[in-house]
2 protein chains.
Amino acid sequence: MVSSPLIAAMTEIFSKLGAETSGEVATYIPELAKADPDGFAFAVATVDGQVFSIGDAGTRFTIQSMSKPFAYAAALDRLGRETVMTRVGVEPTGDAFNAIILDEDHNRPFNPMVNAGAIAVAALFDGEERDARTRAMVDALSRFAGRTLEIDEAVFRSEAETGHRNRAIAYLMLNSGMLAAEPDLALDTYFRQCSLLVDTRDLAVMAATLAAGGRNPLTGEVAVWRAHIPDVLTVMLTCGMYDYAGQWAYEVGLPAKSGVSGGVLAVVPGQFGIAAWSPKLDAIGNSVRAVAAIRALSERFRLHGLAARPDDAGVLRRSLDGRAMRSRRWRSPEAVARLEMQAERLIVLELHGEISVAAAERVLRRVAEGLAAGEVVLDVQRVTGVEAGAERMFADFGRELALGGQCVTIAGPGNILFGDAEDAAAGFAMAAGIDSALERAENRLLGTSPTSRDDESRTLADARLLSGLTPEEFERLAGEVPPAPLEAPAGTRLAALGEPADTVVIIGTGRLKVLLPVEGGEAVPLNGLGPGETFGEMALMGAAQRSADVVAETDVTGWSLRVDDLRAYGARHPMAMNRILGALAVDLSDRLRRVNATISALRR
Amino acid sequence: MVSSPLIAAMTEIFSKLGAETSGEVATYIPELAKADPDGFAFAVATVDGQVFSIGDAGTRFTIQSMSKPFAYAAALDRLGRETVMTRVGVEPTGDAFNAIILDEDHNRPFNPMVNAGAIAVAALFDGEERDARTRAMVDALSRFAGRTLEIDEAVFRSEAETGHRNRAIAYLMLNSGMLAAEPDLALDTYFRQCSLLVDTRDLAVMAATLAAGGRNPLTGEVAVWRAHIPDVLTVMLTCGMYDYAGQWAYEVGLPAKSGVSGGVLAVVPGQFGIAAWSPKLDAIGNSVRAVAAIRALSERFRLHGLAARPDDAGVLRRSLDGRAMRSRRWRSPEAVARLEMQAERLIVLELHGEISVAAAERVLRRVAEGLAAGEVVLDVQRVTGVEAGAERMFADFGRELALGGQCVTIAGPGNILFGDAEDAAAGFAMAAGIDSALERAENRLLGTSPTSRDDESRTLADARLLSGLTPEEFERLAGEVPPAPLEAPAGTRLAALGEPADTVVIIGTGRLKVLLPVEGGEAVPLNGLGPGETFGEMALMGAAQRSADVVAETDVTGWSLRVDDLRAYGARHPMAMNRILGALAVDLSDRLRRVNATISALRR
């Protein structure tokens, strides 16, 4: 089987970087110095839950500073942005991760990616005592990994015993009233947080959870509320890679975080989590191989977050009008003529793909033009996603429509467009599919309410199938094939797929729909039938069974003719039968032509 | 007419901010102090060239620091990233825009958004003397605005006379060998660059040019090469708003640049340029109202660049197989049976919308599975864009396919997927539309080359239309309606839409296609006809004209029967005519059923 280009590229990058042996394993905590300097792993997790990895992807190490964005996310989730902002800022500093500098103007550490900020964030975990706080912290970070993470007790003790600088930072913050918990408690949580054991796959999944808008792609669990994602990703992008942040943002362009244990994780929003691990660090404290691996992958597939985006003009898939789009509902010839006369007043806009704010603006411009001329149907059945801002745009528009007493018909799930803005719904009439949307818009153009029925009626002699007969032939037919009167209230099923086809039914008044039942799904409407039209006529050519369901859409009257009688009549009067079959062939051929035109329009 | 929610939101924000009167007009250049402190404008330009504005959008002012990203873009375009990087870095500094600090480690200014960096960039414009350099600079920036910008000579003189600090910076850089031109020349260009006159609409268009990947949406001219967009946007995001950069990235999340004349411009990649102007500045030097206006618009429509993106799972619109998708080419019943038996081996993947790297990975996973089972058709006709990295992914995949002697059939413009990677094309067989793509894939499943013809042949007596006749009836028909032998080489047009329909043609060998001509476009294929099938039969029911074009797809033999003779035969032998009309009705009805099923599949 052909392999994925992603895996192929990862493999190539991985083997090329095997030759890269520069850097030094971190030694400032004795436990870290024990790591295998040649260890190397590379992993990608997709937002749909695929994890690809290569190398020592199952080797565990402590998460260290890579825990910081997740702890920050947990704080935002628990306390909200406003409160968290009083405790820690979002300004990058040009200084090292362990610098003892604080934002004196705002009385807080500069950002949550430097140690001071991370300790301030660790202080925010819930709980008055160690164990409860530890549980809260472990739970929060485990949700991102999709499994319960464990603490490396040896590393924790080593951190706690040697973390004098961090202790100094904590007391300095206490001194300025910046810390939400006792320094010892805050540091305990912080050291334990840094001592969580992860492997490279875990890191990729944690990053993928951020990429997926906060929902863990393996477990489906929400690890952080979607609204906080930009906050977390921004501080990662501007402050996540220590002094290398500017260059990283420029060259790689992905929110990322590194740790002294040799890991780096990066987020491609909406797409992937990427992680790499190799213990040897460069002078700034980032893993040499991990940085190189992620940078190479970003370059290879242009993952830079500010890369030029393709124009999304194509979100408007097609713009059609009433000449191309007609509902399958039966209409009287008079109604058809009236619709045809104003076909250009019925605008159907088919949207597809993901709708950005700019795309929404473009679409709504077209909708406004369409409304000025007549009726607009927005077909959203192919829409795959709507950006939050575009949702707001549709909601605003809906409210304005409602105020002006106007309305756009939506085919498909309308709330994909405007979310839960209920007051916007009044500006949109929702229809389950394009057919009922078209029917509604046509009704509005015709000026009839959707429930009114067409008053057309036909006599048996006027029925399309029999209209070619001479008066004598018709009279003879009425005598030899006695028509049984038919009356069916709306909703009656007049025929069902597979039933014996022993009658031909001719409609006098009312409307029918012809439907193809779908196993386990909703029946597919094929076409409508009205006064003067017929079903069951294929039985004349030997069809033994009904080929579809037929249901009365309104109250219906008509006539039922027995197939056996009709065939006997044909044998006795072949010239008359020629005229019946000829009328049938013309009718079928007309339908086929219309339907082929529709197919061509739909395939476009 | 209903107004755009974008305009409505801009209007609301604009009028709300009218009450905001804090801040001070910049006075460090005497000319700037003359600005109307109450001036206020707000503009948005879309990547498709719509410009919306409100307030004093035509009032001109000098561009000042907002020129910096565009001068940087021009330098990247002329010299490439590598050379430019030797002259100016990309690291944010926590310092003010006019700080005299340089990156001593790399012997360059920190970034092109601080004055030192911007002077270093201005030094890079082409030319040995003032005027040529001025022209190069004006040309470069004018391409972004879409009109020729003019220099405010009074401001230029004022800048030149009072810019002692900038002069000091230039000489300091000269001292360290950081400057590519004479300080006086570099400063001359820099001061003129800052003195270009723009209005708020210009700024929105300049930002929109960056949003549109470097192509000016008004003029269509390329102002900067697409590949440099992420570089320019990154330094804007991390360094564009002076000391406020971190907070701006966090709260607004858009690459932006402000200037002391009171303007701010921001880029929503792929979507909009936004600009606002009001001369009163805050303590950091950013316009109070302009910052507030852009922030409000970003919040309203969630324009944050790192906002959670909708999952792009929907790029795979449908996955169908040979049960739902059949080419319109005529196939012998034996071939149809063989295709039906292996219908599950023909996979059609319909893509739509914009393809990200993650989406490409997902699609290619499905393609690889499909290839393991049989033939894969990728329908790309609804694809609106492919990210650069996704393009590379398809290119990689194509190369691997070609190496393994495998091939995927693409319906639509294949190079939308893999760009100009010509060596990848060997792994993809391109077909103009879904029909020819299906035909190719079916041919491969059948093991015949696309050019081979089906060897099926039918006698006149076996023709579908006549197959219900008794031997006696057929013999009589052959006598009374003498069949004229027909031979047509491939490519012959046997009938044209609107021509008189005076013959019924029955095929003995070869294949025809029925096409609907489209004014000014390619004819739409309706269906194929093969041995035993007929065209022109509707003339029996009185159709006077051909309803479509009919073209020989291969060499064709058959018979032509005169309609008048056939009708006369029918009048003499009505029972035989009943059988002919019955066969016709069955045939039409079968086709109608198949075509209706296709419509239902296509509407889904």
Side-chain angles (χ1 to χ4, degrees), chain A residues 1-2 5-6 90-92 213 226 229-230 233-234 238 246 249-250 253 269-272 301-304 306-310 314 352-354 356-358 361 364 368 372 384-385 388-389 393 396-397 400 524 526 538 541 574-575 577-578 581-582 584-586 588-589 592 595-596 600 602, chain B residues 1-2 5-6 46 90-92 213 226 229-230 233-234 238 246 249-250 253 269-272 301-302 304 306-310 314 352-354 356-358 361 368 372 384-385 388-389 392-393 396-397 400 524 526 538 541 574-575 577-578 581-582 584-586 588-589 592 595-596 600 602:
Chain A
M1 198 157 126
V2 204
L6 182 66
V90 293
E91 284 300 323
R226 199 173 178 83
I229 294 292
L233 295 184
T234 301
T238 55
Y250 191 82
Q271 307 196 54
F272 306 115
F301 295 123
R302 309 285 163 96
L303 301 176
H304 196 293
L306 291 171
R309 276 175 55 168
H352 70 155
E354 190 189 312
S356 66
V357 174
E361 193 280 324
L364 290 176
T384 53
M393 207 163 242
D396 284 359
F397 193 81
E400 212 196 325
V524 175
L526 293 183
M538 293 313 293
M541 267 75 60
M575 286 301 293
M577 198 46 149
N578 271 354
L581 292 176
L584 176 57
V586 168
L588 288 169
S589 165
L592 193 58
V595 158
N596 267 325
S600 299
L602 287 170
Chain B
M1 197 156 129
V2 204
L6 182 66
T46 70
V90 294
E91 284 301 322
R226 198 173 180 84
I229 294 292
L233 296 183
T234 302
T238 56
Y250 190 82
Q271 306 197 56
F272 305 116
F301 294 122
R302 308 286 160 94
H304 196 293
L306 292 170
R309 277 174 53 167
H352 70 154
E354 190 190 313
S356 66
V357 174
E361 193 280 325
T384 54
R392 295 203 150 196
M393 207 162 241
D396 284 359
F397 193 81
E400 213 196 325
V524 175
L526 292 183
M538 293 314 291
M541 268 75 62
M575 286 303 291
M577 199 46 150
N578 270 354
L581 293 175
L584 175 59
V586 168
L588 288 168
S589 163
L592 193 59
V595 157
N596 267 325
S600 300
L602 285 171

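In the text below, chain A, chain B and the rest are named by the order of the sequence lines, each starting its count at 1.
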Query raised in the report: Do A:Met538 and A:Leu588 come within less than 4.5 Å of each other through their side chains, counting heavy atoms only?
Result: yes
Report summary line: By side chain to side chain donor-acceptor pair (under 3.5 Å), B:Thr234 pairs with (sequence neighbours left out) A:His304
Query raised in the report: Which bit of A:Thr238 is near chain B, if near means a heavy-atom gap under 4.5 Å: side chain, backbone, both or neither?
Result: side chain
Query raised in the report: Given a strict heavy-atom distance threshold of 4.5 Å, which part of A:Leu6 is in contact with chain B: side chain, backbone, both, or neither?
Result: both
Report task. Name the region of A:Leu233, side chain, backbone, both or neither, that has any atom closer than 4.5 Å to a heavy atom of chain B. Result -> both
Query raised in the report: So B:Tyr250 and B:Leu306, side chain to side chain contact (heavy atoms under 4.5 Å, CB included) or not? Walk me through it.
Result: CA-CA 9 Å; B:Tyr250 190 82; B:Leu306 292 170; over 6 Å; no
Report task. Name the region of A:Met575, side chain, backbone, both or neither, that has any atom closer than 4.5 Å to a heavy atom of chain B. Result -> both
Report task. Return the option, out of B:Met541, B:Met577, B:Met393, with the maximum number of heavy-atom pairs under 4.5 Å with chain A. Result -> B:Met393
Query - salt bridge (Lys or Arg N to Asp or Glu O under 4.0 Å) against B:Glu361, all qualifying residues, sequence neighbours excluded - result: B:Arg365
Query raised in the report: Is there a side-chain contact between B:Val357 and A:Leu303, using heavy atoms and a 4.5 Å cut-off?
Result: yes
Query raised in the report: Among B:Leu581, B:Leu584, B:Asn578, B:Val586, which has the most heavy-atom pairs under 4.5 Å with chain A?
Result: B:Asn578
